[in-house]
Amino acid sequence: MAGIAARREAIHPSVQRRSALQRLRGMNTIRAGAALLALAVVTACGTSSRPAQSSSTPAPSAASAAASPSPAPAPSSSPPASVRVSFAVRDVSFVSAQRGWVLGSGQLLTTDDGALSWTALPAPPAGVTHLRFATSSDGYAWSTDGALWLTTDGAASWQPGRLGQVLSLETASGWVWAIAGPQPYPDVWRAPVGGTVWTNLGVTPDRSATLLVHGPTAYVVGQEGAGPIAPSVEVYTGTQAGRHLAVPCPASLPVPSAELGASTDGSLVLICDVQGQPATYDRAYVSTDGGSSWTAITAPPAWSNGVTAITGKRFSWNGNVLVSSGGAWTAALAGPPGGFSLVGFETDQQGVALSTDGALWITRDGGSTWNRVSFAV
């Protein structure tokens with residue numbers, strides 16, 4: 001999540017989701033679904049590719065790959081609504097262990113005491129489904145089929161973020177990264193937090209791609225494509241073109257998706273989901289040098305929707321949240337029907353888990369115990 005680790009200048013988590021890739025800032029998470037750190041899968045089919053290009057622009061025009069028509073002004077002073085007990089979370093973002101936001105049920109709520117209590121804010125721009133804050137003042141809201149909105153005053157007002165068709169967005173270390181533009185070839189974009197001058201870093205791999213951000217580095221994971229094309233990782237630092245990294249997923253087996261997550265200590269965790277085989281065929285790896293080399297570890301016993309880590313522990317989620325301290329995986333949090341869409345940590349102690357039915361859970365002891373968050377007035 002943006003402030004918490006990927007994702008913590010505030011720690012900012014790295015989150016991703018299979019249905020909506022996103023990340024909590026300050027949380028180290030990988031793909032999940034609607035939020036967090038709301039992370040969206042970019043469908044990028046095909047085998048041809050376009051040459052990458054690097055350019056800076058203060059506001060992409062309609063001809064730009066990620067531009068969208070000028071949206072109508074967003075509401076800037078809608079009165080806060082009463083918080084409903086049945087509040088269903090769509091996305092969540094933290095910039096520290098204390099300060100965070102949740103989006104859902106047409107409302108935007110904030111906490112400054114680590115989710116013990118919540119205050120309703122003015123209504124967010126209509127139709128937004130994803131949320132990511134970089135600081136207590138600077139935040140982003142968007143929907144994948146609409147425009148990007150930016151606030152620089154803590155959600156008191158919103159202005160156009162000058163980017164459209166945003167599939168995923170994450171922030172860390174004073175920068176915001178996004179995958180945006182028309183499919184099947186969306187682009188990778190970068191801008192300073194709070195600004196609307198976006199630099200185009202080139203197209204994503206010509207297959208579905210997900211975004212992971214940790215510190216000053218962004219990782220775009222290209223999934224298996226036609227051919228088949230094996231999963232791979234493009235690493236972006238600064239405004240340079242992506243550096244291509246192969247991943248150790250078995251070449252002899254079909255791997256339609258690879259889950260990549262970042263730990264609070266900066267290491268990477270990779271899970272290769274083998275298609276058409278029991279979970280025992282899946283493979284998992286860890287890297288302590290930014291993906292240049294990988295060491296095999298025990299894979300989760302169930303298909304993974306995402307993976308993240310803290311110092312000494314790794315977490316994978318789908319129907320349940322599973323945890324491993326280096327050996328076997330065990331259930332850390334039993335899931336409701338539909339399971340979980342996102343898990344992310346702001347620190348080695350505090351993290352959140354978002355279920356597909358909109359329930360939010362929090363841990364304050366490194367994932368040993370979890371409590372459901374209440375949004376009652």
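- Leu322 is not connected to Phe345 by any chain of hydrophobic side-chain contacts under 4.5 Å among Ile, Leu, Val, Met, Phe, Trp and Tyr, and they are in different clusters.
- Below 30°, between 30° and 60°, or above 60°: for Phe375 and Phe87 the angle between ring planes is between 30° and 60°, a tilted geometry.
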* Chi angles and distances behind the side-chain contact (heavy atoms from CB on, under 4.5 Å) call for Ser292, Arg243 -> CA-CA 11 Å; Ser292 295; Arg243 175 169 55 93; 4.3 Å; yes

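- Separation of atoms CG (Leu270) and SG (Cys249) is listed at 5.0 Å; rounding is to 0.5 Å.
- By the side chain to side chain contact (heavy atoms under 4.5 Å, CB included) test, Ser287 pairs with Leu268, Asp289, Trp294, sequence neighbours left out.
- Counting only N and O atoms by type, the side chains of Thr363 and Asp365 include a donor and acceptor under 3.5 Å apart.
- Between the side chain of Thr144 and the backbone N or O of Leu167 there is no donor-acceptor pair closer than 3.5 Å.
- Counting only distance, with no hydrogens or angles, the side chain of Thr151 and the backbone of Ser157 share a donor-acceptor pair below 3.5 Å.
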- Mind running side-chain contact (heavy atoms from CB on, under 4.5 Å) on Trp177 and Ser168 for me, showing each step along the way? CA-CA 8 Å; Trp177 304 79; Ser168 60; over 6 Å; no

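- Between Val176 and Val193 the shortest heavy-atom distance is N-CG2, 4.2 Å.
- In this structure, Phe94 and Gln350 have side chains that are in contact, with non-hydrogen atoms separated by less than 4.5 Å.
- At least one donor-acceptor pair closer than 3.5 Å links the side chain of Ser324 to the backbone N or O of Gly327.
- Under the 4.5 Å side-chain criterion, counting only non-hydrogen atoms from C-beta, Arg283 is not in contact with Asp273.
- Trp189 places a side-chain N or O within donor-acceptor distance of the main-chain N or O of Ala180, the cut-off being under 3.5 Å.
- The aromatic ring centroids of Tyr236 and Tyr219 lie 6.0 Å or more from each other.
- Using a 4.5 Å heavy-atom cutoff, the side chains of Trp329 and Thr298 are in contact.
- For the pair Arg364 (side chain) and Gly114 (backbone), a donor-acceptor distance under 3.5 Å is present.
- The main-chain N or O of Gly100 is found under 3.5 Å from a side-chain atom of Thr110 such that the two form a donor-acceptor pair.
- Residues Pro160 and Leu150 fail the side-chain proximity criterion, which asks for heavy atoms closer than 4.5 Å.
- The distance from atom OG1 of Thr204 to atom CD1 of Ile179, rounded to the nearest 0.5 Å, is 6.0 Å.
- A heavy-atom distance below 4.5 Å is not found between the side chains of Leu109 and Thr119.
- With a 4.5 Å cut-off on side-chain heavy atoms, Glu234 and Leu245 do not count as touching.
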Practice item. Check the pair Thr129, Ser143 against side-chain contact (heavy atoms from CB on, under 4.5 Å), reporting the backbone distance first and the verdict last. Key: CA-CA 5 Å; Thr129 54; Ser143 63; 3.8 Å; yes

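- Judged as a side chain to side chain contact (heavy atoms under 4.5 Å, CB included), and not counting sequence neighbours, the contacts of Thr311 are Thr264, Asp265, Asp348.
- Looking at Ser304 and Ser316, their side chains do bring a donor and an acceptor atom within 3.5 Å of each other.
- Scanning all heavy atoms of the two residues, the minimum distance from Gly139 to Trp158 falls at O-CZ3, 3.9 Å.
- When all heavy atoms are compared, the tightest approach of Pro182 to Gln165 is CA-NE2, 3.5 Å.
- At least one donor-acceptor pair closer than 3.5 Å links the side chain of Trp198 to the backbone N or O of Gly161.
- The line from OG of Ser374 to CG of Leu116 is 10.5 Å long, rounded to the nearest 0.5 Å.
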Yes or no on side-chain contact (heavy atoms from CB on, under 4.5 Å) for Leu169 and Leu148, after CA distance, side-chain angles and deciding distance? CA-CA 10 Å; Leu169 181 149; Leu148 175 68; 3.9 Å; yes

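- At least one side-chain heavy atom of Val102 sits under 4.5 Å from a side-chain heavy atom of Trp118.
- Of the possible polar contacts, none joining the Lys313 side chain to the Val323 backbone as a donor-acceptor pair under 3.5 Å is found.
- Counting only heavy atoms from C-beta outward, the side chains of Arg90 and Leu131 never approach each other to under 4.5 Å.
- The closest donor-acceptor contact from the side chain of Asp187 to the backbone of Gly181 lies at 3.5 Å or more, if one exists at all.
- Within the 3.5 Å criterion, the main-chain N or O of Ser117 finds a donor-acceptor partner in the side chain of Thr111.
- Residues meeting the side-chain hydrogen bond (donor to acceptor under 3.5 Å, both in side chains) test with Asp112, sequence neighbours left out: none.
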